[in-house]
Amino acid sequence: MTMSRPESGPVPPPGCPAHTGHAGGAAAPQTGSPALERLYGPEFAADPMGTFTRLRAHGSVVPVEIAPGVDAWAVIGYETALEVLRSPDRFSKDPRRWKALADGRVPADSPVVPMMMYRPNALWTDGEEHDRLRAVIADSLGRVDPAALRDHVERGADTLIDRIGPEGRADLLGEYSAVLPLLVFQQLFGCPEDIGRKLVQGTAGIFDADADSERANAVLAEGLAELVALKRRQPGPDVTSWMMAHPHKLTDEEMIHQLVLLLGAGVEAEQNLICNGLRLLLSDDRFAGDLAGGSMPVEDALDEVLWNDPPMANYAIHYAIRDEELDGTLVRAGEPMLMSFIALNNDPALAGDRRTGNRAHLAWGVGPHTCPAKSPARLIATVAVEKLLDRIPDIELAVGEEELRWRQGPFNRSLVSLPVRFPPIAPAQPAAAQPTAEGRGRGTEPAPAPSPSPSPASSAPAPGSGAAGAAHGAPGRWRGSLARWWHGR
Ligand code: HEM
């Protein structure tokens, strides 16, 4: 396919210093064609669909820039994405095939590298190795009892709502959506208080991405290693122990890599599903009447988010194993391809009214790497949203919808914050009854869980890592909120 650059395309011409990550070097495109658009930055964050509308004129596989000096293909057609995702014999997940990275043509400090680089976990492996790791994860997640999960979410939600309720205002991203998945995962993975504290410290430090991030990373790695060691000695009814007991027998190192993947993949995406769902419910008149009336169409709102603002907006990165012609475009072996779920879910070739009850979107992926946590992830988000709106029915946005800002990275569809106000409410449970770090029993009470770190095992969508994380606006509040929760304040 011949690519032509749109006259007013926002990507600088090849050779422009802004286009290359290498000092003074001319930018040879890292894909077969020069990038047509940027999938990052303020313009893209404010209006991703505008970018994709322009790109559609060039086919369903289009060259884009995903960070300064980093080119990739974006798959923006629904059928084309299905072809890639369902053809593991032609398209690999293994980032060691990424030629531009191996050749040193990608800036080593590029913010997208941590979220694209190889780690020995289920996300970045193919074939038998993937089957083995995925079976451990999927089988263990499959043992989670939905009723117990619902209870964990409700208790975590109540704790957070009790904290923000008396204030009459909150940031529902930093003080609710980002924290609740951490509480839930902490419970699911059987993380006791002392280890949980390390995971919180480590995760918060990584969020801050400052000079201490190396140390934070070490603390997180130490916490995970301790969790694995503890569960080897004292297994319990938790996902960590079930993974260890799996007949595929993961080593300690393999366990740590999979745990980081699970926590990272889960926490970031879950946060965005909850928060984007709340945004829609609070800002769209179609839902407004129902909130106060008690019949909250939460499921409809979540479906709509999964179609239009999917938490993983552009991800599921694949590499052609050999040169491939894909819908008329030549994709060379080793060039990264992002599945643009936000674009392909809105492919004009898809007919019909998708809004209500239709779940044919690809927000969970499809094929061998489809999300193994669809059911629990959906349950967590549903309960999280319902609980908040049930306890604070008169909640409203504290700013105009047009003032809400989105993070600027290419991968996640994530708000910077979601400020709301409401008539203050009293805590549902007396302060003494609220779970606190000091008051919890052995390994069964909630405590925040980590997101993936750049090392030793980061590989998944990471709060605060990569381009998206760099643009995250609320790490301080997030950490403050976690610390308050942790100390029972
Ligand atoms: C809440 C919204 C969520 C969404 C929208 C979502 C979406 C996705 C997508 C699109 C993929 C495919 C990624 C790829 O191929 O690169 C994926 C994979 C994965 N997700 Fe989720 N996810 C969510 C929640 C979770 C949760 C809660 C967990 C863990 C408890 C989880 C664990 C995983 C894992 C382990 C993989 C890798 C599977 C593999 O490669 O075989 N996800 N998810």
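All ligand and atom numbering here is 1-based and tracks the order in the structure.
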Has Arg56 got a side-chain atom pairing as donor or acceptor with Ala343's backbone, closer than 3.5 angstrom? yes
Do Leu101 and Val70 have side chains that approach each other closer than 4.5 Å (heavy atoms only, starting at C-beta)? no
Classify the ring geometry between Tyr315 and Phe411 as parallel (under 30°), tilted (30 to 60°) or perpendicular (over 60°). perpendicular
Tell me whether the count of non-hydrogen atoms from other residues, nucleotides or ligands lying under 6.0 Å of CD in Glu401 goes above 12. yes
Any non-hydrogen side-chain atom of Pro181 less than 4.5 Å from a side-chain atom of Ile274? yes
Are Leu259 and His257 packed together at the side-chain level, in the sense that at least one heavy-atom pair is separated by less than 4.5 angstrom? no
Chain-and-number sorted residues having a heavy-atom contact under 4.0 Å with ligand 1 are Lys93, Ala122, Leu123, His130, Arg134, Phe185, Leu261, Leu262, Ala265, Gly266, Ala269, Glu270, Leu273, Pro311, Met312, Ala316, Phe341, Ala363, Trp364, Gly365, Pro368, His369, Cys371, Pro372, Ala373, Ala377
